[in-house]
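Because the structure is predicted, anything quoted here is derived from the model rather than measured.
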Amino acid sequence: MEDVAKAASVSVTTVSHVLNGTRKVRPDTEKLVRAAILDVGYIQNSLARSLAMSATNTIGVAIPTFANHYFSEVVRSVENECMRNGLMMLFSDTHDDPDQELKIVQAFHQRRVDGVVLAPADDGRLGSLTYLRNNKIPAVLVDRVLTQGFDQVGVKNKQGVQELIAHLIGHGHTRIGFISGAAWNSTSAERLDGYRAALKSAGLPYDQDLVRCGESAIEPAWAATKQLLGLNARPTAIMTSNNLMTIGAMHAFREAGIDVPGHIAMVGFDDFDWADLFSPRLTVTAQPLEEIGAKALRLLIKRIKSPEGARQTIRLSPTIHVRNSCGCR
């Protein structure tokens, strides 16, 4: 900075104001300083600056899997919001492993991130959430709404399933199979509640035989669908409760020679890029992925600036995209 000041014939303080925007500088003076910066080849030391300001302008983001369209789109939205706010993003995949997740959160802390966006793998009592809480690291949870101890952004899972099951019931289906997600996942429980609530509202009984766990993954969902198709009184419609399980179910239908929706109706939770390109085109409940990521980052920035205060839980409404796998023309 001294070299820049000397080249521009100004004070070091003036150079600092130009670089950091801390005080208005005359346009002709700023032009001289900018030219001197280029001539000298000066680059700000962001590490030294972060140490001086106790902030790195860096956010850590940890999700269960980047391969899942839902999470990849949420991360993309967080990154876009970071760019708009002059922030850098560190990203890591936890593989839904609580031990791996804790190591990642600790690594973020060691790298002095200003805050963390996390889709947690544990139940909120141990591991990474405890570490975040004990070390007073600003954090926002996405997708899995677990505890009032953190700011959180998710969707109205129960509502989304209720609306889609009601849509199937409106088509005359009374035996509707449901492929649920991993039992430990809070979103799985909420979506199963939505299934139960929709049946109850329509005066239909809950039949445990029509519910199978697809473990939130393709292969288990394929097996769960085969089990439902093997029932003596098999369902006339099936709903899967995430996008990966929808793919698994469609594989099972194809292998069994089942026509959708001719032989059985099919709907799923989560939209994805090629859901409209499947044959049949898939009727799904779509989550507002861009809004989830953007709101999470905005909440985190607010929490970084104001560490104290009541935590917020934001629940966004999903949208049904009606195509023709449900039997609609």
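Put simply, Ile292 and Ile63 are part of the same group of oily side chains (I, L, V, M, F, W, Y) that touch within less than 4.5 Å, one to the next. With hydrophobic clusters built from ILVMFWY side chains whose heavy atoms lie under 4.5 angstrom apart, Val211 does not share a cluster with Trp222. At a threshold of 4.5 Å between side-chain heavy atoms, the hydrophobic network of Ile, Leu, Val, Met, Phe, Trp and Tyr places Val25 and Leu32 in two separate groups. Cluster membership check: Val322 shares its hydrophobic cluster with Ile176, using side-chain heavy-atom separations under 4.5 Å among Ile, Leu, Val, Met, Phe, Trp and Tyr. Residues Tyr70 and Val145 fall into different hydrophobic clusters, defined by Ile, Leu, Val, Met, Phe, Trp and Tyr side chains chained together at heavy-atom separations under 4.5 Å.
Within the 3.5 Å criterion, the main-chain N or O of Met250 finds no donor-acceptor partner in the side chain of Arg254. Judged purely by atom type and a 3.5 angstrom limit, Ser216 uses its side chain to pair as donor or acceptor with the backbone of Ala182. At least one donor-acceptor pair under 3.5 Å links the side chain of Asp114 to the backbone N or O of Asn57. For the pair Ser241 (side chain) and Gly181 (backbone), a donor-acceptor distance under 3.5 Å is present. The main-chain N or O of Val18 is found under 3.5 Å from a side-chain atom of Arg34 such that the two form a donor-acceptor pair. Remark: the backbone N or O of Thr240 is not paired with any side-chain donor or acceptor of Thr246 at under 3.5 angstrom. Remark: side-chain polar atoms of Arg133 are not paired, donor with acceptor, to backbone N or O of Lys136 under 3.5 angstrom.
Within the 4.5 Å cutoff, side-chain heavy atoms of Cys328 are placed close to those of His171. Considering only heavy atoms from C-beta on, Ile218 stays 4.5 Å or farther from Met245 through its side chain. Counting heavy atoms from C-beta outward, Ser180 and Cys213 have side chains that approach closer than 4.5 Å. Considering only heavy atoms from C-beta on, Val142 stays 4.5 Å or farther from Val78 through its side chain. In this structure the side chain of Arg315 never reaches within 4.5 angstrom of the side chain of Val155, judged on heavy atoms. Contact of the Ile137 side chain with the Val116 side chain is registered, since non-hydrogen atoms from C-beta on lie closer than 4.5 Å. Residues Leu231 and Arg212 have side chains in contact (heavy-atom distance under 4.5 Å, counting atoms from C-beta outward). With contacts defined as side-chain heavy-atom distances shorter than 4.5 Å, the pair Leu102/Tyr131 qualifies.
Lys103 contributes atom NZ, which lies 12.5 Å from atom OG1 of Thr94 (distance to the nearest 0.5 angstrom). To the nearest 0.5 angstrom, Asn242 atom CG is 10.0 Å from Ile179 atom CD1. Interatomic distance, His321 NE2 to Leu164 CG, rounded to the nearest 0.5 Å: 11.5 Å. Taking OG1 of Thr285 as the reference point, atom CZ of Arg191 lies at 9.0 Å (rounded to 0.5 Å). How far CG of Asp99 is from CD1 of Ile104: 11.0 Å, rounded to the nearest 0.5 Å. Rounding to the nearest 0.5 angstrom, the gap separating the CD atom in Gln152 from the CZ atom in Arg311 is 11.0 Å.
No more than 12 heavy atoms of other residues, nucleotides or ligands sit less than 6.0 Å from atom CD of Glu308. No more than 12 heavy atoms of other residues, nucleotides or ligands lie within 6.0 Å of CD in Glu2, so this atom counts as exposed by the packing criterion.
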**Asked** How far apart are the C-alpha atoms of Leu204 and Ile169, what are their side-chain angles, what is the distance that settles it, and do they pass the side-chain contact (heavy atoms from CB on, under 4.5 Å) test?
**Response** CA-CA 10 Å; Leu204 297 175; Ile169 293 172; 3.9 Å; yes
**Prompt:** What do the steps show when you test Arg76 against Glu73 for salt bridge (charged side-chain N to carboxylate O under 4.0 Å, His left out), and what is the final call?
**Reply:** CA-CA 5 Å; Arg76 189 193 307 275; Glu73 287 302 306; 3.2 Å; yes
**Message:** If you apply the rule salt bridge (charged side-chain N to carboxylate O under 4.0 Å, His left out), what do you find for Lys158 with Asp193, and how did you get there?
**Reply:** CA-CA 6 Å; Lys158 183 176 179 180; Asp193 285 346; 5.8 Å; no
**Message:** Run Glu101 and His95 through side-chain contact (heavy atoms from CB on, under 4.5 Å) and show every step you take.
**Reply:** CA-CA 8 Å; Glu101 179 179 289; His95 305 289; over 6 Å; no
**Asked** Ser77 and Glu290: side chain to side chain donor-acceptor pair (under 3.5 Å), yes or no, with the steps?
**Response** CA-CA 5 Å; Ser77 178; Glu290 184 173 346; 5.5 Å; no
**Message:** Is there a salt bridge (charged side-chain N to carboxylate O under 4.0 Å, His left out) between Asp96 and Arg144? Walk through the geometry before answering.
**Reply:** CA-CA 12 Å; Asp96 248 338; Arg144 297 151 187 186; 2.9 Å; yes
**Request:** Please step through side-chain contact (heavy atoms from CB on, under 4.5 Å) for the pair Gln312 and Val140, ending with a clear verdict.
**Result:** CA-CA 9 Å; Gln312 285 185 262; Val140 175; over 6 Å; no
**Prompt:** Can you check side-chain contact (heavy atoms from CB on, under 4.5 Å) on Thr58 and Phe108, steps first, answer last?
**Reply:** CA-CA 9 Å; Thr58 305; Phe108 284 160; over 6 Å; no
**Request:** Take Asp207 and Arg175 through the salt bridge (charged side-chain N to carboxylate O under 4.0 Å, His left out) test and state the conclusion after the steps.
**Result:** CA-CA 9 Å; Asp207 184 348; Arg175 284 186 62 77; 3.5 Å; yes
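Using bins of under 30°, 30° to 60° and over 60° for the plane-to-plane angle, the ring pair Tyr195/Phe178 lands in the parallel bin.
You'll find the ring centres of His263 and Phe253 outside the 6.0 Å limit. Between Phe91 and Phe66, the ring centre distance stays below 6.0 Å.
Taking each heavy atom of Ser325 and Val260 in turn, the nearest pair found is O-CG1, 3.7 Å. Shown here for Val10 and Thr29, the closest heavy-atom pair between the two residues is CG1-CG2, 3.9 Å. Nearest heavy atoms, Pro280 versus Pro261: CB-CD, 4.3 Å. Looking at every heavy atom in both residues, Pro120 comes nearest to Leu129 through CB-CD2, 4.3 Å. Contact between His173 and Cys326 at its shortest, heavy atoms only, is NE2-O, 4.5 Å. Asp270 and Asn243 make their closest contact through OD2-N, 3.3 Å (heavy atoms, listed as atom of the first residue, atom of the second, distance).
If you check the side chains of Asn324 and Arg281, you find no donor sitting under 3.5 Å from an acceptor. Side-chain contact, Asp271 with Gln287: no donor N or O sits under 3.5 Å from an acceptor N or O. In this model, a donor atom of one side chain and an acceptor atom of the other lie less than 3.5 Å apart for Thr14 and Ser11.
Between Asp151 and Arg298 there is no salt bridge, since none of the side-chain N atoms of the basic residue sits less than 4.0 Å from a carboxylate O of the acidic one. We find that Arg26 and Glu30 are not joined by a salt bridge, their nearest charged nitrogen and carboxylate oxygen being 4.0 Å or further apart.
Both tests pass for Arg196 against the ring of Tyr206: distance under 6.0 Å to the centre and angle within 45° of the axis.
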